[in-house]
Amino acid sequence: IEGLDAPMPEGIVFHAGTRKESGGWRTAGGRVLGVTAVAPSLEEARRNAYGAVSRIRFQGMQYRKDIGAALVETAAG
């Protein structure tokens with residue numbers, strides 16, 4: 001997994017299906033990471049969380065792109 005060792009001030013990464021080996025972080029299958037962020041607005045928190053996700057890379061990586069989208073639309077009015 002690339003991108004986990006650099007500081008990530010815009011988000012917090014929670015490990016679930018990962019393991020640390022001598023060469024760095026490895027996936028152990030399933031849902032391997034959770035990325036979240038806190039900010040003054042929902043839209044900013046969502047942007048920060050997905051900004052953090054964009055810095056992470058590993059083979060076969062998939063992630064949801066819709067989390068919080070409906071709430072941001074509802075808040076926008």
Side-chain angles (χ1 to χ4, degrees):
I1 304 173
E2 297 175 13
L4 293 178
D5 291 328
M8 207 169 294
E10 70 275 13
I12 301 166
V13 179
F14 296 93
H15 291 254
T18 61
R19 65 182 182 275
K20 183 91 175 190
E21 292 183 352
S22 60
W25 290 101
R26 304 281 185 238
T27 64
R31 295 181 178 179
V32 298
L33 299 168
V35 180
T36 192
V38 176
S41 72
L42 177 60
E43 184 175 0
E44 187 178 350
R46 185 173 189 272
R47 185 172 47 249
N48 289 349
Y50 281 106
V53 168
S54 73
R55 299 168 67 188
I56 300 168
R57 298 268 187 269
F58 58 89
Q59 186 176 11
M61 180 175 155
Q62 297 179 34
Y63 62 94
R64 289 183 55 178
K65 298 169 182 74
D66 64 323
I67 296 177
L71 291 173
V72 168
E73 288 178 23
T74 300

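Given the structure is predicted, the values throughout are model-derived calculations rather than measurements. Count residues from 1 along the sequence.
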Could you walk me through whether L71 and R46 satisfy the side chain to side chain contact (heavy atoms under 4.5 Å, CB included) test, starting with their C-alpha distance in whole Å, then the side-chain angles of each, then the deciding distance to 0.1 Å, before giving a yes or no?
CA-CA 10 Å; L71 291 173; R46 185 173 189 272; over 6 Å; no
Within residues 49-67 or reaching into it, pairs that qualify as side-chain hydrogen bond (donor to acceptor under 3.5 Å, both in side chains) - sequence neighbours excluded
E10-R55, R64-D66
Atom pairs and distances, side-chain donor-acceptor, residues 31-42, under 3.5 Å, sequence neighbours left out:
{"from": "S41", "atom 1": "OG", "to": "E44", "atom 2": "N", "distance (Å)": "3.0"}

Is the side chain of R26 donor-acceptor paired with the backbone N or O of K20 at a distance under 3.5 Å, no angle test?
no
When rounded to the nearest 0.5 angstrom, what distance separates CD in E43 from CG in N48?
10.5 Å
Side chains of M8 and I56: does their closest heavy-atom pair fall under 4.5 Å?
yes
